[in-house]
Amino acid sequence: CAVSDEGSWNDKSFNESVYDGLTKAKTELGVQTADAESNSAEDFAPNLQQMVDAGCDITFAVGFNLVAAVNEAAKGNPDMKFVTIDGWSEGNANLKPVTYAMEQSSYLAGYAAAAYSTTKVVGTYGGMQIDAVTAFMDGFYYGAKAYEAETGTPVKVLGWDPVAKTGDFMGDFTPNSGVSKTIAATQIQAGADVILPVAGDQFGAVSEALDEAGSNGVMIGVDKNIAVTSPEYADKMLTSVEKRMTTAVFDIIKGIAIDKADFSGDAYVGTLKNGGTALSDSDKISSELKAKLDELSAGIQDGSIKVRP
């Protein structure tokens, strides 16, 4: 069973990735599923209670915003199993956090952005200033700066300063909002020709901003392979920073329903090494650049490259 964050199951972002895992489990494993969409924060607790009342073997709470509600549900129902995506457990043994080292794949994206950019100005912005968002922005910044250090070519990163912890944020995750488009347009005006929006589906907003500025710039997708899930933007996608939640959800369900494995509250952390996060393949990335990104990925995996200084 699963409860969404604000935003629908077809948000082309992390809600949809979790729902895809649920659907895959139903199709391939023959398990029964139930779900509840949340339209606002007021829906979180009642929707979780609905899953409890349905007798779900395991309930996934999607997103940082459900942390308080899912911890409360886990505490009140110690015999039931819960998973928090992008959240944490407040000491509940029956609540498993699923998190991602998005700074790792975003570092590769930042390097790729700097290498691809003709202006050597790249930009990023977020929905809200929370760790699950700024992890992408940290990685992007330091990856772009790694390109600068290696080549001697100055690269300007707009929208985030990881030391001062200041940057451009929408204040929410409203898809393709006017605020989102304004931030993108401002960065484009300042020279950015590669933009990473970390706020779910903002690709319509960035695409419009690029078109209106007459820019041939590109954007970087988040969570899923956006060139595939939103093919109308494929020609403007450099790559996507994938958070492979579908796999994690499926594997956790399979462990309980099929393998009869013991459930633990130990965190699952998606990394480059375990395939939990990765860059999407892209024909805009040259074979030479791809070889370099593979080299960087290997360094991050073996610890010889530190994503954050």
Side-chain angles (χ1 to χ4, degrees), residues 100-126 131 133-168 184 187-188 190-198 206 210 215-223 225-227 236-244 269-309:
Y100 291 84
M102 295 311 297
E103 66 278 4
Q104 295 184 351
S105 46
S106 297
Y107 183 97
L108 303 180
Y111 188 98
Y116 182 88
S117 173
T118 56
T119 61
K120 299 308 175 195
V121 181
V122 299
T124 183
Y125 65 95
D131 290 349
V133 169
T134 57
F136 286 83
M137 299 166 82
D138 280 355
F140 183 76
Y141 178 93
Y142 287 120
K145 288 300 180 179
Y147 174 88
E148 176 182 89
E150 187 178 290
T151 62
T153 304
V155 178
K156 191 171 188 179
V157 182
L158 305 175
W160 183 236
D161 179 339
V163 178
K165 298 199 180 302
T166 55
D168 295 342
Q187 293 189 355
I188 293 162
D193 61 355
V194 185
I195 295 180
L196 168 69
V198 190
V206 180
L210 287 166
S215 169
N216 61 355
V218 295
M219 47 191 166
I220 295 174
V222 291
D223 297 339
N225 183 349
I226 304 301
K236 288 190 175 84
M237 280 293 156
L238 176 60
T239 182
S240 292
V241 186
E242 293 186 36
K243 186 184 279 192
R244 294 180 171 166
V269 182
T271 63
L272 288 173
K273 195 167 192 172
N274 65 19
T277 182
L279 284 191
S280 304
D281 290 335
S282 169
D283 57 10
K284 285 188 172 60
I285 292 178
S286 67
S287 53
E288 185 184 353
L289 178 54
K290 185 173 187 320
K292 179 64 189 178
L293 295 173
D294 288 344
E295 182 188 312
L296 293 171
S297 178
I300 292 168
Q301 290 178 51
D302 68 23
S304 60
I305 293 174
K306 299 288 178 237
V307 173
R308 292 183 176 107

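Note that the structure is a prediction, hence the values are computed from the model and not measured.
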message = Is there a ring pair (Phe, Tyr, Trp, His ring centres under 6.0 Å) between Y107 and Y142? Walk through the geometry before answering.
response = CA-CA 6 Å; Y107 183 97; Y142 287 120; 7.9 Å; no
Evaluate the criterion side-chain contact (heavy atoms from CB on, under 4.5 Å) for residue pair V122 and L158; output intermediate values, then yes/no. CA-CA 6 Å; V122 299; L158 305 175; over 6 Å; no
- Item | Candidate pair K236 and L210, rule side-chain contact (heavy atoms from CB on, under 4.5 Å), full reasoning | CA-CA 9 Å; K236 288 190 175 84; L210 287 166; 4.0 Å; yes
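Side-chain atoms of S105 and T277 include a donor-acceptor pair closer than 3.5 Å.
In this structure, the side chain of S106 engages the main chain of M102 through a donor-acceptor pair within 3.5 Å. T239 contributes a side-chain N or O that, together with a main-chain N or O of S280, makes up a donor-acceptor pair within less than 3.5 Å. Not a single donor-acceptor pair under 3.5 Å links the side chain of Q104 to the backbone N or O of T271. One N or O on the side chain of D193 and one on the backbone of T119 form a donor-acceptor pair closer than 3.5 Å. Of the possible polar contacts, one joining the S282 side chain to the K284 backbone as a donor-acceptor pair under 3.5 Å is found. Between the side chain of K120 and the backbone N or O of T153 there is no donor-acceptor pair closer than 3.5 Å.
Separation of atoms OG (S215) and CD1 (I188) is listed at 5.5 Å; rounding is to 0.5 Å. A distance of 4.5 Å separates OG in S297 from CG in L272, rounded to the nearest 0.5 Å. Annotation: the span from Y125 atom OH to I195 atom CD1 amounts to 7.0 Å, rounded to 0.5 Å. One finds the NZ atom of K145 at 9.5 Å from the NZ atom of K156 (value rounded to the nearest 0.5 Å). Atom-to-atom distance recorded for T124:OG1 and Y141:OH is 12.5 Å, nearest 0.5 angstrom. Atom NZ in K165 sits 6.5 Å away from atom OG1 in T134 (nearest 0.5 Å).
Of the candidates Y116, Y147, F140, Y147 is the only one forming a ring-ring contact (aromatic ring centres under 6.0 Å, His included) with Y111. Screening I220, L108, V198 against V241 for a side chain to side chain contact (heavy atoms under 4.5 Å, CB included) leaves a single residue, I220.
In this structure the side chain of V307 never reaches within 4.5 angstrom of the side chain of D138, judged on heavy atoms. In this structure, the side chains of V194 and L238 come closer than 4.5 Å at one or more pairs of heavy atoms. Looking at heavy atoms from C-beta onward, F136 lies in side-chain contact with K243 at the 4.5 angstrom threshold.
Closest approach of A227 to S240, counting heavy atoms only: N-OG, 4.5 Å. Shown here for V121 and G191, the closest heavy-atom pair between the two residues is CB-O, 3.5 Å. Summarising the geometry of D161 relative to V163, their closest heavy-atom pair is OD1-N, 2.9 Å, with the distance given to 0.1 Å. E148 and V155 get closest at one heavy-atom pair: OE2-N, 2.7 Å.
When the shell of 6.0 Å around CG of D131 is examined, it contains 12 or fewer heavy atoms from other residues, nucleotides or ligands. Annotation for N216: atom CG does not count as buried by contact number, only 12 or fewer foreign heavy atoms lying within 6.0 Å.
We find that D294 and K290 are joined by a salt bridge, their nearest charged nitrogen and carboxylate oxygen being less than 4.0 Å apart.
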